[in-house]
**Student:** 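Following this message is one structure expressed as structure tokens.
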Amino acid sequence: MNKPDFDILVGPIGCLAACHDEQPRTGEALKELPTLRNAAVGIRGDRIAYAGPYKDVASASAEEKIDARGATVLPGFVDPHTHVPFLGDRASELSMRLNGMSYMDIGKKGGGILSTMRSVRDANEKTLLRAGRVLARSALSHGTTTLEAKSGYGLNVPDELKQLRVIKALGDEGFQGFLPTCLAAHFVPPEFEGDPDGYVQFVCDEILPAVTAEKLAKFVDVFCEEGAFDLEQSRRVLEKGKALGLVPRLHADEIVDTGGAALAAEVGAASADHLLAASDQGIAAMAEAGVCATLLPGTAFYLRKPYAPARKFIEAGCVVALATDCNPGSSYTTNLLEVAALAVFGMGMLPEEVLWSVTLNAAAALGEQQRLGSIAEGKRADLCIWNVPSPLHLFYPYGENPLQTVLFGGRKVYEAT
């Protein structure tokens, strides 16, 4: 018996938006999103073997054929900034913020990050894995096939390792891809209250070496912010991580301009994230250094803050990505499509710009643009079938979820009921 041409053939496709280019899109090029009508995608194993006109493969054989006429096919979304996994309920903080208390003030009173830290420390790996699985599957149901996932709710050696082991376990389950980040420098834990320098030294001397010894992280991150870690403390953590083989990224200029954007350029970070208060000089430095600007409009919306100046980053020539910042205190959502809508209606980005920013550009923020983020021969077969006639209909109407089917690594992992 002859072997079929493809394991899976998706086609005919009403509208294919492959989001493919040799490099991540920047500037004016972000406004162009090529689409192909009456298209097809052929998959062998976990890789894309064909993407092009349906007529060229209409007679091909396949183990499974998926008819997507009338639908739009996009790459699986890449979420390049999440705090999955976590535990604990911080709903009371919503009322506190609505009544005028700031995010950092809540943290200083033992809420915020420290509240989640207590929940994570109290849990075993099995419990944390169950919680992470719920968040991950929810993200999948909104089209996200790859997540960056951070520690940062352990703030000591055993519990930072616990979070990172759970992230690895989530990836091993085979429903989504996970790229792990060590964010041990997230907040000063109670053991080092009043001594942030001492905790930074502990991160550098104890936590980061333990993480790299087990090869549990790709990235090192730090919350460079007033009330968390200052520029010099952040630099120490990032440089130590680099020396241990980790790629720097950082929470920068979220609440006030601390110079985090410029620090990201200085240390050669893969991305600087948040950036609501980034200065023009910081933006220019990031563009010159090739640091990706990962913008998190869900956080600005949730905290009722002004959105990051997306147009400034685009006009400066930065690679711009979008992420959920999924966390229990300042952006409790797994829905990257809803965040994309906030980027359009709140931050002033065009739908085409937004779709590049949750696919190829988001993969670039993680250094994975050669493997993920677009539909092209040789890339991992991560794609989503949306029950809409064009990409524009993901935003018109808004607040809907027209996702029909998700394939991850050439395997069907989600179907709408």
Side-chain angles (χ1 to χ4, degrees), residues 81 83 85-88 90 102-123 128 149-167 180-214 216-256 258-260 263-264 266-267 269 272-274 327-330:
H81 183 126
H83 292 264
F86 54 79
L87 284 162
R90 286 163 55 186
S102 75
Y103 179 75
M104 295 304 286
D105 285 342
I106 291 170
K108 290 173 184 175
K109 290 181 179 297
I113 292 164
L114 295 182
S115 172
T116 305
M117 176 207 73
R118 290 190 290 273
S119 296
V120 168
R121 285 186 177 183
D122 288 345
L128 189 57
K150 303 180 192 294
S151 66
Y153 292 130
L155 309 184
N156 60 27
V157 173
D159 294 302
E160 285 293 299
L161 293 177
K162 176 171 67 183
Q163 266 197 283
L164 289 164
R165 289 179 188 133
V166 166
I167 292 167
T181 295
C182 179
L183 178 59
H186 198 188
F187 215 73
V188 179
E191 299 88 344
F192 288 87
E193 185 176 0
D195 186 17
D197 280 325
Y199 180 61
V200 165
Q201 197 64 48
F202 179 73
V203 170
C204 293
D205 291 348
E206 303 293 337
I207 298 180
L208 290 177
V211 167
T212 55
E214 287 195 37
L216 288 173
K218 175 178 180 178
F219 301 103
V220 58
D221 198 344
V222 61
F223 189 13
C224 181
E225 187 59 63
E226 192 174 273
F229 300 98
D230 64 25
L231 273 180
E232 181 52 38
Q233 292 161 349
S234 299
R235 183 183 288 108
R236 285 166 58 194
V237 171
L238 297 173
E239 292 290 2
K240 178 64 176 184
K242 279 180 70 174
L244 291 169
L246 302 176
V247 178
R249 58 193 312 110
L250 65 156
H251 292 56
D253 305 333
E254 177 182 0
I255 299 168
V256 297
T258 60
L263 176 63
E266 176 192 327
V267 301
D273 303 8
H274 285 292
N327 76 83
S330 61

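We number each residue from 1, following the sequence as shown. Computed from heavy atoms alone, side chains included, the values below leave out hydrogens, waters and symmetry copies.
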**Student:** Which atom pair, heavy atoms only, marks the closest approach of Pro189 to Leu114?
**Tutor:** CA-CD2, 4.2 Å
**Student:** What's the spacing between Leu250 CG and His274 NE2 if we round to 0.5 Å?
**Tutor:** 10.0 Å
**Student:** What is the minimum heavy-atom distance between Thr181 and Arg249, and which atoms define it?
**Tutor:** OG1-CD, 3.7 Å
**Student:** Is any side-chain heavy atom of Val256 closer than 4.5 Å to a side-chain heavy atom of Thr258?
**Tutor:** yes
**Student:** Would you say Asp159's side chain and Tyr153's backbone share a donor-acceptor pair under 3.5 angstrom?
**Tutor:** no
**Student:** Contact between Glu214 and Leu164 at the side-chain level, heavy atoms closer than 4.5 Å - yes or no?
**Tutor:** no
**Student:** Looking only at heavy atoms, which two atoms of Gly259 and Leu231 are closest? And how far apart?
**Tutor:** O-CD2, 3.6 Å
**Student:** State the CD-SG distance between Gln233 and Cys224, to the nearest 0.5 angstrom.
**Tutor:** 9.0 Å
**Student:** Nearest 0.5 angstrom please: His186 NE2 to Ile113 CD1, how far?
**Tutor:** 3.5 Å
**Student:** Please report the closest heavy-atom contact between Ser234 and Leu263, naming both atoms and the distance.
**Tutor:** CB-CD2, 3.7 Å
**Student:** Quick one: does Phe202's side chain get under 4.5 Å of Leu155's, heavy atoms only?
**Tutor:** no
**Student:** Counting only heavy atoms not in Glu193 (residues, nucleotides, ligands), do more than 12 fall under 6.0 Å from its CD?
**Tutor:** no
**Student:** Hey, is CD on Glu191 packed in by over 12 heavy atoms from elsewhere, all under 6.0 Å?
**Tutor:** yes
**Student:** If you look at every heavy atom in Gly88 and Ser119, which pair is closest and at what distance?
**Tutor:** CA-OG, 3.6 Å
**Student:** Kindly compute the distance separating CD (Glu239) from CG (Leu246), expressed to the nearest 0.5 Å.
**Tutor:** 12.5 Å
**Student:** What is the distance from atom CD of Glu266 to atom CZ of Arg235, rounded to the nearest 0.5 Å?
**Tutor:** 4.0 Å
**Student:** Hey, does Val222 have a side-chain heavy atom less than 4.5 Å from the side chain of Arg236?
**Tutor:** no
**Student:** Are the side chains of Leu244 and Lys240 in contact, using a 4.5 Å heavy-atom criterion?
**Tutor:** yes
**Student:** Could you tell me whether the side chain of Thr116 reaches within less than 4.5 Å of the side chain of Asn327, counting heavy atoms only?
**Tutor:** no
**Student:** Less than 4.5 Å apart, side chain to side chain, heavy atoms only: is that true for Val237 and Phe229?
**Tutor:** no
**Student:** Please report the C-alpha distance between Cys182 and Leu208 in whole Å, then the side-chain angles of each, then the deciding distance to 0.1 Å, and finally whether the side-chain contact (heavy atoms from CB on, under 4.5 Å) criterion is met.
**Tutor:** CA-CA 8 Å; Cys182 179; Leu208 290 177; 3.8 Å; yes
**Student:** Any donor-acceptor pair under 3.5 Å linking the side chain of Glu160 with the backbone of Gly152?
**Tutor:** yes
**Student:** Hey, are the side chains of Leu128 and Gln163 touching, using non-hydrogen atoms and a 4.5 Å cut-off?
**Tutor:** yes
**Student:** Closest heavy-atom contact between Val267 and Lys242?
**Tutor:** O-NZ, 3.0 Å
**Student:** What do the steps show when you test Arg90 against Ile106 for side-chain contact (heavy atoms from CB on, under 4.5 Å), and what is the final call?
**Tutor:** CA-CA 11 Å; Arg90 286 163 55 186; Ile106 291 170; over 6 Å; no
**Student:** As an exercise, state the distance from CZ of Phe86 to OG of Ser151, rounded to the nearest 0.5 Å.
**Tutor:** 14.0 Å
